[in-house]
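We name chains A, B, ... by the order of the sequence lines, and we start the count at 1 in each one. Just so it is clear, the structure is predicted and the values come from calculations on it, not from any experiment.
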There are 2 protein chains.
Amino acid sequence: MRAGARIDWQPIEATRNATDLAKVFDPVMRQRPVPTLAEVAKIAGVSIMTASRAVNNRPGVSERTREAIIRIADEIGYVANRAAQKLSGGQTHLIGVIGQLHTGFTAELVLNIGSAARAVDYEMLVYSLPAEDRSPPGNVVDLLNQVADGVIVILPYESEYLAQLNRSHIPIVTIDQTKPDPFPAIIADNYAGARLAMQHLYELGHKRIGFITGNERLASARDRRRAYADLCSQFGLEASDELVSKGDFMQKGGYEAAKRLLALKRPPTAIFAANDVSAFGAMTAIRQAGLRVPEDMSLIGFDDIPLAAQLHPALTTIRQPLPQMARAAVNLLLAMIAGIEAPSPLITLPTQLVVRETTVRPGGRGV
Amino acid sequence: MRAGARIDWQPIEATRNATDLAKVFDPVMRQRPVPTLAEVAKIAGVSIMTASRAVNNRPGVSERTREAIIRIADEIGYVANRAAQKLSGGQTHLIGVIGQLHTGFTAELVLNIGSAARAVDYEMLVYSLPAEDRSPPGNVVDLLNQVADGVIVILPYESEYLAQLNRSHIPIVTIDQTKPDPFPAIIADNYAGARLAMQHLYELGHKRIGFITGNERLASARDRRRAYADLCSQFGLEASDELVSKGDFMQKGGYEAAKRLLALKRPPTAIFAANDVSAFGAMTAIRQAGLRVPEDMSLIGFDDIPLAAQLHPALTTIRQPLPQMARAAVNLLLAMIAGIEAPSPLITLPTQLVVRETTVRPGGRGV
DNA sequence: AGACAAAACGTTAGCGGTAACGTTAAAGGG
DNA sequence: CCCTTTAACGTTACCGCTAACGTTTTGTCT
């Protein structure tokens with residue numbers, strides 16, 4: 001072992017003077033290549049295989065040797081080459097996530113997955129599907145498969161297509177898919193959540209409630225709509241096709257859907273939007289029509305994305321248990337990576353009503 | 001070449017009946033492994049190397065052979081193994097991006113980078129730095145280096161630290177870093193942008209303008225503050241330390257900073273927040289104090305994240321040219337990957353004033 | 001037609017790791 | 001104290017691909 005190989009990583013503040021910076025950019029420093037397992041092994045005076053066993057914490061090495069090897073690895077700053085690990089059939093401790101980062105809900109979910117992954121010593125790599133979702137994600141799964149141990153997929157449509165395209169034997173978990181056939185899935189209880197929303201509006205006294213649909217390529221959107229319809233009839237609320245306005249989970253869609261509802265001869269007194277983003281769009285439309293939220297029109301969303309609480313007025317909504325969903329997805333994926341069959345192919349998590357400022361009794365506060 | 005090897009990818013709608021689904025989940029289909037270059041070569045009756053040259057569009061293959069090989073590759077659904085490519089010194093046509101997806105600005109920038117990358121036939125993989133940014137991104141750069149051809153880094157602090165940690169010789173481009181020493185950088189003209197904001201408020205007649213600072217670990221935040229101070233003295237505006245309130249580019253920081261400004265014996269008539277997210281926080285504080293935006297208090301932000309236009313009232317702000325920045329970053333990175341020295345180590349892009357609804361003459365519309 | 005260059009294609013080695021098996025050293029058992 | 005088992009370590013082969021160089025074919029010029 002070379003003397004002087006020890007490296008002291010200095011905290012960022014300590015590098016703020018010219019002398020230190022000069023050292024940082026010293027060509028010799030910059031050229032120092034990233035060390036391989038072979039170098040660790042050479043310094044430790046063992047074979048590469050022994051070094052591999054040591055750093056991966058696997059049996060077949062004595063404690064003494066293991067410690068020495070790990071110390072050396074730390075000192076020279078060894079980091080395993082994931083590409084090589086994966087190529088040779090090993091594990092990379094990396095999970096891939098595929099989703100549309102454009103949407104607030106997915107983005108938030110992805111961040112939660114990242115936290116959940118780090119909590120169990122995995123890193124996360126994200127592939128953001130383009131907004132025009134037509135590019136088949138099969139190749140992307142293959143791509144992530146080449147570097148990650150497993151993939152979590154959040155698609156803007158049902159995943160049968162993906163199942164068809166995907167030929168990897170990689171573990172895959174989906175989120176927000178009710179058909180667990182192709183892959184195990186994590187999903188919030190959309191039906192029960194939408195019932196909570198409707199019940200809330202009903203209890204406030206609303207008899208005529210409009211609904212803005214989501215992207216009905218997704219089961220979650222269909223479940224929410226089903227709950228709306230079911231509760232309308234259960235509570236004896238007015239129900240007609242004109243009260244159901246087509247949206248797409250997006251802002252503009254919500255805006256236009258709300259506009260149609262407001263243009264009715266008898267507009268509703270409350271609007272249930274299939275997700276928060278649609279609700280934001282609806283809010284714009286309501287205000288543009290010269291009405292106030294919530295005095296003239298109650299509004300409830302779904303998802304509880306961070307923005308919902310920050311808006312004025314703050315949006316009443318149904319909360320999806322994002323941290324739990326993320327943890328469940330990661331745990332399920334890790335189990336599959338470890339070769340354990342999923343206990344259940346479909347894990348449903350409960351939702352929760354979050355009452356804020358956009359829902360009041362019909363007719364406004366005064367009534 | 002096997003007959004019947006041709007595969008017709010059916011559009012998603014076509015798979016919706018039971019018979020097709022059964023076929024999809026047929027074990028034989030599922031087990032079909034992802035093909036390698038060796039299989040392409042075998043079917044084509046050429047060596048692996050020739051197949052490699054063909055699919056990578058490199059010289060040394062006749063047009064006839066190339067076409068045949070590419071056709072076969074398409075038919076059996078060959079996708080290059082990026083891990084193997086990278087390991088053997090080749091290019092993966094993949095770029096890595098490191099940033100904090102939590103912040104709206106970064107998230108939007110990342111999406112733009114994704115589009116820019118796809119436009120030049122590259123894919124993007126994202127690593128989201130945890131909110132607690134203390135984990136040194138050096139390892140993460142190494143990680144992405146192992147799979148990507150280059151990395152674009154968007155840090156919540158100056159990048160000297162990164163330069164110190166990073167030992168890869170991988171091409172790196174940073175965004176929002178004024179010190180191009182370690183790596184070439186793309187940056188919006190924050191100083192000029194902030195001047196535009198101040199000039200706008202000045203022209204509306206504001207004489208007492210409050211400023212909410214950003215995260216001053218970033219040069220962009222310091223530049224904006226500098227412009228604020230410079231224009232205060234240039235325009236002869238009231239300037240005092242109490243008008244500068246410490247924020248951190250985040251919602252809560254903006255909220256608290258605005259609260260302090262409002263609590264002054266003589267509050268300002270307008271607030272310039274160092275970024276849009278801070279401005280949102282400020283808006284909450286202003287409303288909580290019983291004041292209206294913009295009648296009682298004008299408010300201007302910086303960045304023009306998508307949310308700015310969707311708020312009520314819509315936020316006046318300074319637009320950063322995200323698509324251009326993304327394209328510039330990608331182009332610069334690709335140039336570096338190709339071995340071309342960056343023409344300039346620091347590319348500055350112009351910003352733009354976007355007047356919306358939160359800025360009016362002091363005293364409200366009536367004046 | 002022979003010589004020779006260029007294009008087309010093949011072979012070898014190796015990227016950095018791991019699985020599988022082979023070998024050596026330590027431990028245990030009668 | 002020798003034999004056997006087990007732990008500790010080493011060797012070999014290979015993952016899928018590309019760089020570098022070697023070989024064969026195809027012109028091309030005189």
Side-chain angles (χ1 to χ4, degrees), chain A residues 33-69 73 76-94 142-143 145-149 167-170 337 339, chain B residues 33-69 73 76-94 142-143 145-149 167-170 337 339:
Chain A
V34 5
T36 69
L37 199 51
E39 291 162 45
V40 175
K42 202 168 110 196
I43 297 176
V46 297
S47 76
I48 296 180
M49 205 52 227
T50 300
S52 171
R53 283 188 268 252
V55 297
N56 289 309
N57 218 37
R58 291 148 84 102
V61 202
S62 70
E63 265 323 303
R64 261 178 50 85
T65 325
R66 180 190 306 279
E67 277 166 23
I69 292 172
I76 69 173
Y78 167 75
V79 251
N81 186 324
R82 258 84 173 193
Q85 283 182 313
K86 191 68 192 178
L87 197 56
S88 66
Q91 300 210 345
T92 58
H93 270 225
L94 222 58
D142 281 345
L143 188 153
N145 176 19
Q146 292 163 1
V147 53
D149 293 339
R167 301 139 310 171
S168 328
H169 313 154
I170 194 174
I337 291 170
Chain B
V34 5
T36 70
L37 199 50
E39 291 162 46
V40 175
K42 202 167 112 197
I43 297 175
V46 297
S47 74
I48 296 180
M49 204 53 225
T50 300
S52 171
R53 283 188 268 253
V55 297
N56 289 309
N57 219 35
R58 292 149 84 103
V61 201
S62 70
E63 265 323 302
R64 260 178 50 84
T65 328
R66 180 190 307 279
E67 278 166 22
I69 292 172
I76 69 172
Y78 168 74
V79 252
N81 186 323
R82 259 78 176 197
Q85 283 183 313
K86 189 70 190 179
L87 197 55
S88 67
Q91 300 210 347
T92 58
H93 270 226
L94 222 58
D142 281 346
L143 187 153
N145 176 19
Q146 291 162 2
V147 53
D149 293 339
R167 300 141 309 172
S168 328
H169 313 153
I170 194 174
I337 291 170

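- Pairing each heavy atom of B:Leu37 with each of B:Tyr78, the nearest pair is N-CE1, 3.3 Å.
- When rounded to the nearest whole Å, the span between CD1 of A:Ile69 and P of D:dA8 equals 12 Å.
- Taking atom NZ on B:Lys42 and atom C1' on C:dC9, their separation rounds to 20 Å, with Å as the unit.
- Considering every non-hydrogen atom in both B:Pro35 and B:Gly77, the closest pair reads CG-O, 3.6 Å.
- When the C1' atom of D:dC15 is taken as reference, atom CD1 of A:Ile48 falls 15 Å away, rounded to whole Å.
- Residues B:Thr36 and B:Asn81 fail the side-chain proximity criterion, which asks for heavy atoms closer than 4.5 Å.
- Residue B:Ser47 places its side chain closer to C:dT11 than to any other of C:dG16, D:dC17, C:dT11.
- A salt bridge does not link B:Glu39 to B:Lys42: none of the charged side-chain nitrogens sits closer than 4.0 Å to a carboxylate oxygen.
- Remark: A:Thr50, A:Arg53, A:Gly60, A:Val61, A:Ser62, A:Thr65 in residues 50-67 of chain A come within less than 4.0 Å of DNA chain D through at least one heavy atom.
- If you measure from atom CG of A:Asp149 to atom P of C:dT18, you get 12 Å, rounded to the nearest angstrom.
- Partners of A:Thr92 by side-chain contact (heavy atoms from CB on, under 4.5 Å), not counting sequence neighbours, listed by chain and number: A:Arg82, A:Gln85, A:Lys86, A:Leu94, A:Asp149.
- Here the C1' atom of nucleotide D:dC15 and the CG atom of B:Asn81 are 8 Å apart, to the nearest Å.
- Looking only at side-chain heavy atoms (C-beta outward), B:Ile69 and B:Thr50 come within less than 4.5 Å of each other.
- The separation between B:Gln91 atom CD and D:dA19 atom C1' is 13 Å, rounded to whole Å.
- Using modelled atom types, one side-chain atom of B:Arg66 and one backbone atom of B:Arg58 make a donor-acceptor pair closer than 3.5 Å.
- One distance of note links CG of B:Leu87 with CG of A:Leu87; it measures 6.0 Å at 0.5 Å rounding.
- Between A:Ala83 and B:Val46, the one whose closest nucleotide on DNA chain C sits nearer the 5' end is B:Val46.
- For A:Gln85 and D:dC14, the CD to C1' distance is 16 Å, given to the nearest whole Å.
- Nearest to the side chain of B:Met49, among C:dC15, D:dT18, C:dT18, sits D:dT18.
- For the helix from C:dA1-D:dT30 to C:dG30-D:dC1, the terminal axes (five pairs an end, C1' atoms, rotation from four pairs onto the next four) enclose an angle of 40°, given to 10 degrees.
- As rounded to whole Å, 18 Å separates atom C1' of D:dC15 from atom CZ of A:Arg82.
- Here the shortest heavy-atom pairing between B:Ala54 and B:Val61 reads N-CG2, 4.0 Å.
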